[in-house]
Amino acid sequence: MTQLRPVRGTHDLLGEELRRHRKVAKEAQSTAALYGFEEIATPIFEFVDVFKRTLGDVSDVVTKEMYAFTDRGGESLVLRPENTAAVVRAMLTNGLTQTLPQKLFYYGPMFRYERPQKGRQRQFHQIGVELIGAPEPEADIECIALGHHILTRLGLGDVVSLELNTLGNPESRKAYRTALVSYLSGFKDKLSSESLERLERNPLRILDSKDPEDRQIVDGAPIVLDYLNPESRSFFEKVKEGLHQLGLPYTLNPRLVRGLDYYNHTAFEFVTSALGSQGTVMGGGRYDGLMRVMGGPDIPGVGWAAGVERLAMLLADVAAATRPVALIPIGERAEGAASVVAAELRHAGIAVELAYKGKPAARLKKADKANAGIAIFLGDDELDKNVARLKNLDDGVEEEMALSQLVEQLLARGLGSLDRSSP
RNA sequence: GCGAGCGUAGCUCAGUUGGUUAGAGCGCCAGUUUGUGGCACUGGAGGUCGUGGGUUCGAUCCCCAUCGCUCGCCCCA
């Protein structure tokens, strides 16, 4: 019994939940394609350095959340905690830096060793995009627009809102950091213990502390916007203007920061209040410094990642894919004939539910449970005449149909067809 | 790593102020005579009452421990 449970923080995906999950991944992939993003699939584990070098020593993702292990060859490996670094690694590995910009979409599992709670698991899934090799603010705008487009197609346009901030270029970010630390240092006796620690490691993080007292202090803190140099300011203005032109509403949130070190300029999140304390559903920004940190050329990038489970939780139920056709043989002679007919229908692309045993009544019950739209009776009477008896399971109306007409007629009516999902 | 709540059938939950064979609804299986479902009726399967220990004549119920789940903090998608 204790052996037969999933590992903490992992879940089996099935039924309704899996359908929602799949819908998120599918809509995201096809929408991304409209923007010219092509899918890339990288391994789910990498050498530990791929993440250690990029995420920085201050990030919790590295210091305590990585699923790291040594394989039999003595290599230090890690189940990927996020995918941006892996995608960038793949670009360098495959020489994609020669053809820029690269627009890449991904979907897959990520792993972080943390305490599970609502909207947080140890194995979870992300969709994400990386637009690499474009320093222009237009790239940021396109990424955000794509994210918004996906959320809208998922029916979450009203559930989720966009928050926007900038960290400025490295020079501005540094200047702001200095100012912030100097301000916060005046409150050392009042800050929460967590924030005191962050003051050393990652002071920007204090800005989004949930501690009430921290928030009061933060309310009086200097804000990034006042420390932007002309270049950073102009970049941010262009991003905002672009969003405005596209009619994408956003809220400026000067306390919005990114956890990871290599971010600069644009930072954004799509958030919701419907998920408890894990409100961020999609987060991203610009990471111009990343490629170089990884030992590659100085190539800028921008992108985002979104939690599939979080999005799936927000989705309304997704209908089961197809209503099959139920084939019901009556009598021994019909059993054989039915499996031949079933094969014929299936090869024509029609989903067929074929019970293995039971009286007609029992098989009809099974047909109901399989959500069949129509039942096809095949008995001696019918076989003698080369016909089948069709029964519409919604209104009970029956009709006789020549066996030779079956495929054509079912297709014409869209019955059992996989490409037509019923409501 | 820290804090809080919760663990009784596949699911949602009753229950005993400690006392014979632990219940309901839903779901599942079968039947209600000959080749027709959804409804109804009847019957059935399914529980070491999370696990281990303690108190007691007796524990699912009280106590302790442990494991697990959930939610929150940290952090993040």
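Side-chain atoms are counted along with the backbone in the values below, which use heavy atoms only and exclude waters and symmetry mates. Worth saying up front: this structure is predicted, and the values here are computed from it rather than measured. Note on naming: letters A, B, ... go to the chains in the order of the sequence lines (proteins, then strands), and numbering restarts at 1 for each one.
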Under 3.5 Å donor-acceptor pair, [X] side-chain atoms to [N] base atoms:
| X | N | result |
| --- | --- | --- |
| A:D368 | B:G38 | no |
| A:E114 | B:G1 | no |
| A:R5 | B:C69 | no |

Exercise for the section: On RNA chain B, check which nucleotide each of A:K391 and A:Y113 is closest to and give me the residue with the more 5' one. Expected result: A:Y113

Exercise for the section: Report the residue (A:R115 or A:T280) whose heavy-atom-nearest nucleotide on RNA chain B is the more 5′ of the two. Expected result: A:R115

Fill in the blank from the handout: For B:G46, the nucleotide meeting Watson-Crick or G-U wobble distances (both under 3.5 Å) is none

Problem - Base-pairing assignment for B:G72 (Watson-Crick or G-U wobble, both under 3.5 Å) - result: B:C2

Would you please confirm or rule out a distance under 4.0 Å between OP1 or OP2 of [N] and any side-chain N or O of [X]?
| X | N | value |
| --- | --- | --- |
| A:K359 | B:U32 | yes |
| A:Q117 | B:C75 | no |
| A:K118 | B:C69 | no |

Could you give the distance separating [M] and [N] at their [atom1] atoms, to the nearest angstrom?
| N | M | atom1 | answer |
| --- | --- | --- | --- |
| B:C57 | B:G52 | C1' | 23 Å |
| B:A24 | B:A45 | P | 12 Å |
| B:G43 | B:G7 | P | 32 Å |

Practice task
Mark yes or no for whether A:R80, through its side chain, and A:F45, through its backbone, hold a donor-acceptor pair below 3.5 Å.
Solution key: no

Problem - Donor-acceptor under 3.5 Å (A:T10 side chain, A:P6 main chain) - result: no

Handout entry: A:Y113 atom OH, over 12 foreign heavy atoms within 6.0 Å
Key = no

Problem - From B:A77, B:G35, B:C76, nucleotide with atom closest to A:A305 side chain - result: B:A77

Practice task
Ignoring the backbone of A:R8, work out which of B:G68, B:G37, B:G35 is nearest its side chain.
Solution key: B:G68

Practice task
Please lay out, stage by stage, how A:L345 and A:V407 fare under the test side chain to side chain contact (heavy atoms under 4.5 Å, CB included).
Solution key: CA-CA 6 Å; A:L345 296 182; A:V407 166; 3.6 Å; yes

Handout entry: Polar side chain donor-acceptor pair, A:E130 to A:Y287, under 3.5 angstrom
Key = yes

